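Each remark here refers to the structure printed beneath this line.
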Amino acid sequence: MGAKNTEKTSQVARRIADLVQQIHHHDFRYYVLDDPEISDAEYDRLFRELQELEAGYPELRLSDSPTQRVGGKALDQFRKATHRVPMLSLANALSEKEFREFDERAHRVLELPDAEPIEYHAELKFDGLSVSLTYEDGQFVRAATRGDGETGEDVTQNVRTIRSVPLRLSTGSPPRAIEIRGEAILPIRDFERLNEEQARKGQKLFANPRNAAAGSLRQLDPGVTASRPLTVFAYGLGHVEGLDVPTMSGYQDLLARWGFRVSDWRKVSRGADEVIAFYREIEQRREKLPFEIDGVVVKLNRFQEIDRAGYISRSPRGMVAFKYPPRQETTTVEDIIVQVGRTGALTPVAIVAPVYLGGATVRRATLHNQDEIDRKDIRIGDKVVIQRAGDVIPEVVKVIESARTGKERKFHLPGHCPVCGSKVERRSGEAVVRCVSRDCVAQLKERIRHLVMIDALNIEGMGERIVEQLVDAGLVRRYADVFKLTQEQVLELEGFAERSSAKLIEAIERAREPELYRVIFGLGIRHVGERTAKVLANHYGELEPLFSAAQEELEGIHEIGPEVARSIRDYFEDAQHRQDVKNLLKQLTVKPPRRGTAGKGVFAGKTLVLTGTLPTLGRSEATRMIEDQGGKVSSSVSKKTDFVLAGAEAGSKLDKARELGIRVIDEGEFLQLLK
Ligand code: IVH
């Protein structure tokens, strides 16, 4: 061993430390802030370099290396993990009245006069499963489920695969030891995707995102957990040594600084009225949140006061779960119809007696596929429990068998497409039955609807009914036909007059210069959602290379798995599809993806955060305007934020902006700047 070797080794060690640091930082930007700073390709390069160095110098691998997130060996069973401070539960308040009673009790316990408002910390009640994360000297060492509150299961290996959980606390002076409590959840979209996949594989569907999160975390094979996009929101504190924060709000700010995902929707509220206003505001937004919540949690903001309030039957008296009404209801299945989707999938849908559920009247519930109908034994005439989760289409949870009269009728999917009469097919390994006709009108309508929808080419005003008319009239058969429509043709359709037809044509004209990812998304390729479309757009910069991209090439792109790659391949292998896309492109001037924040525009190089409801601009509209002007939109306020664009009912982001002295502008000022 010469001096040279030692020198080389220490050089490698430094590079490894540097790469680990960088990747942690980029994981944080991506998985916690949802605001990446580098491209996926650059990230991959860093990751691969680290993997290679670690392979050559295994002894230099750091214990918190991001390469260790991939999951280790499968276990036979979980080890037990005892919490140093038990994980308790919360008492509920099921109405405003009950919440006021809680507030009154809090006044009594704290011996405060009624007129003095109490300082609370109000935050989201995430609907997942709670976990306790132990850090020693800033390093992640253990994760455990709640279990019976005293002892849970050791899920360290699994939690290590969750990218929003930091492997080390990003702070110079971490506490000696700390148990951080939080909620592992699966966002609604990911839950839907997971269920689609389960359905395709003919496996059992998860009833809701919480069950899916629990099923994903409590996996003996960490490889399975790693494949599920779980995330953890941090909010609570168990055992701690060497940390002194007086308030819950301060503590959660600290968690965010340490690199945890902490919701922006939290508020220090003075008095019950402010808490109730927050509760109502969140209720309004609940449908729009990308994950499930079932209430807000209200806590005395000062830890000292929580301690003083004490405990009653395993719940702290200084906290309460202020819950929203459940989103399950019972109703009757009046009929079962079959819908034909964009990709030809036949979906059985229950027509149910109308019920009010989670803010809307429900008349239909998806039954997913025949296997699900059989498994749940759902029959026409059955009394059933239905539920909705977020924006998701309501679904039937279970049949109330005790209500059966014997008159219920079983249902079977037809052997032919109910719209075009062609034969249907069920590929082996799939639970879905599809209409295989190329000319099925139902599929065509869905494809066109998808192409013109807001997240795709965004042709304003071209809704479901109009697409239906255009297809039925034979005016639109192929993607490109949409852009060949004339005002005269539109005028002939029922319900159109001079003005409305001109408006539609104008909307079509405005849609002729889409960004590349919107076109890719708009094609409606199976498994290619908006996110994947962006990944593809950024990777290729244009559409044509996709025509001939091989399976392995696609799989090589960060974030694209084998199934998605196969689906893209299948789509473009079809000559008709290629022709359709080429013809569509002839009608469009596609904008290539914007790279970086360099360039021109009033917001060049600037980061903006949107919060609240703007008087006239929609969120996506404002985002586009900012990006068009070279700016970036981030989801959370930090020192790096340049402007906060705030509308009505702006929440904690606005508070934070004020705290950090960041310039806050309203829509008027924003539009002024754009001028
Ligand atoms: S604090 C004493 N904060 O709700 C327990 N819990 O019903 C302190 N939960 O087991 C918990 N979001 O799993 C707290 N922001 C939040 C929460 C939250 C969800 C869950 C947690 C707990 C359950 C209690």
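Just so we're clear, the structure is a prediction, and the values are computed from it rather than from any experiment. For ligands, and for the atoms within them, numbers begin at 1 and follow the listed sequence.
Under a 4.0 Å criterion applied to the non-hydrogen atoms of L88, ligand 1 contributes the atoms 2 (C), 5 (C). Less than 4.0 angstrom separates some heavy atom of P316 from each of these atoms of ligand 1: 2 (C).
In this structure, F278 and Y120 have side chains that are not in contact, with every pair of non-hydrogen atoms separated by 4.5 Å or more. Between R302 and T247, the closest side-chain pair of non-hydrogen atoms falls below 4.5 Å.
Proximity annotation for atom 16 (C) of ligand 1: of K125, E123, H121, R181, E123 comes nearest, heavy atoms only. For atom 21 (C) of ligand 1, the candidate residues are Y311, F126, Y235; the nearest heavy-atom contact is made by Y235.
Given atom 8 (C) of ligand 1, the protein heavy atom at minimum distance is L90 CD2, 3.9 Å. For atom 10 (O) of ligand 1, the nearest protein heavy atom (residue, atom name, distance) is S130 OG, 3.7 Å. The protein atom (non-hydrogen) at minimum distance from atom 13 (O) of ligand 1 is E183 OE1, 2.7 Å. Of the protein's non-hydrogen atoms, K299 NZ, 3.1 Å is the one closest to atom 3 (N) of ligand 1.
No more than 12 heavy-atom neighbours from other residues, nucleotides or ligands sit within 6.0 angstrom of CD on Q77.
Atoms CZ and CG, on R261 and L33 in that order, are 9.5 Å from each other to the nearest 0.5 Å. Atom NE2 of residue H26 and atom CD of residue Q22 lie 5.0 Å apart, to the nearest 0.5 angstrom.
At least one heavy atom of S89 lies less than 4.0 angstrom from ligand 1. Contact between A321 and ligand 1 is absent, with no heavy atom of the residue lying under 4.0 Å from the ligand.
For F206 and F191, the ring centers are positioned 6.0 Å apart or more.
At a 4.0 Å heavy-atom cut-off, ligand 1 does not touch M87 at all. If you look at L124 next to ligand 1, the close heavy atoms, those under 4.0 Å, all belong to the backbone.
Aromatic ring orientation, F291 versus F126: tilted (interplanar angle from 30° to 60°).
With hydrogens and angles disregarded, no donor-acceptor distance shorter than 3.5 Å links the side chain of E395 to the backbone of T366.
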